[in-house]
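The structure appears right after this line, and notes come after that.
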Number of protein chains: 2
Amino acid sequence: MTGRRLWVPARLRPGDRVAVVAPSGPVDPVRLARGRQVLTEIGLDVVVMPRVLNRRGHLAGSDAGRAADLQEAWCDPDVRAVVCARGGYGATRLLDLLDWPAMGAARPKILLGSSDVTALHQAFAVRLGVASCFGPMPACETLADAEGPEPASLAHLCSSLFAMDMPAPVAGGQVIVRGHAEGPLTGGNLSLLAALCGTPYAMRAQGRIVLLEDVGEDPYRVDRMLTQLLQAGCLNGALGVALGSWVGCGDPMGVLVERLAPLGVPMIAGLPIGHGSPQFTAWLGADAVIDTESCSLTCLFRDPATAL
Amino acid sequence: MTGRRLWVPARLRPGDRVAVVAPSGPVDPVRLARGRQVLTEIGLDVVVMPRVLNRRGHLAGSDAGRAADLQEAWCDPDVRAVVCARGGYGATRLLDLLDWPAMGAARPKILLGSSDVTALHQAFAVRLGVASCFGPMPACETLADAEGPEPASLAHLCSSLFAMDMPAPVAGGQVIVRGHAEGPLTGGNLSLLAALCGTPYAMRAQGRIVLLEDVGEDPYRVDRMLTQLLQAGCLNGALGVALGSWVGCGDPMGVLVERLAPLGVPMIAGLPIGHGSPQFTAWLGADAVIDTESCSLTCLFRDPATAL
């Protein structure tokens with residue numbers, strides 16, 4: 001059984017307006033300026049929402065302010081994509097504060113972000129039924145490095161975002177379980193997926209391919225989080241597993257294989273998705289293919305804009 | 001509404017047999033020998049289960065072996081208490097491997113442990129309906145230090161374990177929300193309670209007092225875990241909150257107060273329960289009282305053995 005395919009919003013055209021928000025941790029203004037410039041140079045009309053540089057401890061300002069920026073950007077009919085400046089922590093705090101009916105009444109658009117933004121991807125999938133873009137963010141190193149953006153990551157992001165292009169398959173480094181899987185992609189950052197267990201925003205892998213990555217988590221923590229996803233039923237019925245980067249996680253492959261290979265579905269590892277460089281982009285909620293002959297993950301989305 | 005009171009097993013008498021198990025991380029043999037000696041000196045007949053010194057990466061041997069030791073100890077009619085050697089990580093991996101009907105058929109007895117053992121306390125409460133003892137463990141520093149056990153911790157453990165005694169109230173350091181709460185105690189280590197969200201073993205605070213402590217978690221992680229418990233409904237209907245130690249967690253009081261004070265129930269902090277020294281004992285599942293006049297948590301359990 002294949003899981004429900006989410007609504008894939010229209011991809012971008014040159015000159016489209018995108019709005020930068022900060023749903024999670026505090027944003028460095030220098031990095032943000034660099035990343036904004038990168039987005040401008042690829043042809044976008046970049047608006048930075050008013051509270052993006054706010055700070056409150058480990059958060060980019062108050063919950064109410066972060067939620068307001070996100071909601072206003074999403075509901076603005078002139079905005080074609082909402083771009084999260086960075087991750088960190090704080091997105092889960094917004095989930096019960098957003099006015100979901102109001103956001104559901106707005107035209108679906110692109111949400112771009114990764115890491116902590118996994119919480120928003122899940123919530124947007126559950127509450128709004130929209131596919132969204134898991135990729136590099138403008139106030140993070142991959143796009144905002146002083147030496148310039150990492151070229152392969154930027155190129156893959158552009159081909160994922162713009163309507164006139166299609167993203168190339170992302171090649172991994174290791175086949176764990178051979179086979180072919182095709183279905184909507186779900187998942188993202190493991191810590192966030194674990195932190196959503198038991199909430200209304202929990203991942204359900206049934207009929208889907210699961211993407212997993214993390215940063216700075218010891219193998220025993222990776223093990224505990226996988227155990228939670230398994231015991232919570234979040235991985236029941238998964239069609240395949242695509243493992244991204246595990247930066248600063250020691251050597252987690254032992255526990256990843258031990259816990260996930262028994263699912264008995266195609267599984268590849270070493271995809272440059274998540275943290276680290278290069279950092280490729282994946283569309284969550286759109287169709288994807290795991291092919292173990294080429295050890296790759298390919299986004300197959302049918303784009304309503306290009307289908308015209 | 002007061003939550004269901006669990007069955008409080010008969011407390012110990014001098015000469016009773018207790019069995020040491022290792023459900024979580026690898027056990028240091030030198031510490032175990034010291035802790036075993038301490039338990040012997042307080043009058044117990046200490047048996048060490050056969051697989052306690054096994055090792056497998058970050059675990060004390062295979063899941064099957066750890067589960068077998070735990071189950072055999074629990075089902076042995078001559079054993080009056082099952083004592084976990086230490087925490088670490090690994091208890092959640094056992095929860096789906098234990099033969100709960102077989103364990104439910106055995107006479108309820110004391111389970112002693114803390115930290116990672118929170119997973120067992122919760123599972124024993126949910127599956128077996130028994131109260132259990134959250135306190136120091138024999139292969140950990142509080143009891144197994146080379147200089148000898150920490151006296152106040154050992155005295156409080158003895159008064160909690162032995163039938164002829166009653167544990168003194170545990171005094172905290174700070175009143176967050178004034179008031180009086182009385183009801184069964186639940187909770188334990190926050191990381192484990194978060195890791196149980198969405199599983200059949202999740203905490204339900206309804207009608208109960210919630211004990212929370214943790215070790216080595218940054219405030220943003222404490223925040224994320226509290227947010228998960230709140231969003232998963234695990235804290236709905238809590239009667240009170242008792243905060244233990246937060247060793248190596250930076251300064252988490254800001255997020256603890258911000259997230260938990262809105263529950264509007266009596267709340268005290270600074271209880272020496274969890275990690276660090278001294279480390280007092282609490283009975284999970286038995287009645288407890290939060291009194292903010294004395295800033296204390298008192299275990300009130302009605303002991304079937306002493307009631308005779």
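Computed from a predicted model, the values in this text were never measured in an experiment. A note on names: the letters A, B, ... follow the listed sequences, proteins ahead of strands, and every chain is numbered from 1.
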Distance from [X] atom [atom1] to [Y] atom [atom2], nearest 0.5 Å?
| X | Y | atom1 | atom2 | value |
| --- | --- | --- | --- | --- |
| B/His58 | A/Arg224 | NE2 | CZ | 10.5 Å |
| B/Tyr220 | A/Asp116 | OH | CG | 9.0 Å |
| B/Thr199 | A/Leu229 | OG1 | CG | 11.5 Å |
| A/Gln231 | B/Tyr201 | CD | OH | 6.0 Å |

Looking at every non-hydrogen atom in both residues, tell me the closest pair between A/Cys197 and B/Ala232 and how far apart they are.
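So the minimum-distance heavy-atom pair works out to O-CB, 4.4 Å.
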
By a 4.5 Å heavy-atom criterion (distance strictly below it), what part of [X] contacts chain A: side chain, backbone, both, or neither?
| X | answer |
| --- | --- |
| B/Ala195 | both |
| B/Thr92 | both |
| B/Asp223 | both |
| B/Leu192 | side chain |

Main-chain N/O of A/Gly198 paired to B/Gln228 side chain as donor or acceptor, under 3.5 Å:
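Here the side-chain-to-backbone pair does not exist.
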
When A/Gly57, A/Ala91, A/Ala194 are compared by non-hydrogen pairs under 4.5 Å with chain B, the top option:
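Most pairs with chain B among the choices: A/Ala194.
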
Should the heavy atoms of other residues, nucleotides or ligands under 6.0 Å from CD of A/Gln71 be counted, would the total exceed 12?
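Atom CD in A/Gln71 is crowded, with more than 12 foreign heavy atoms closer than 6.0 Å.
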
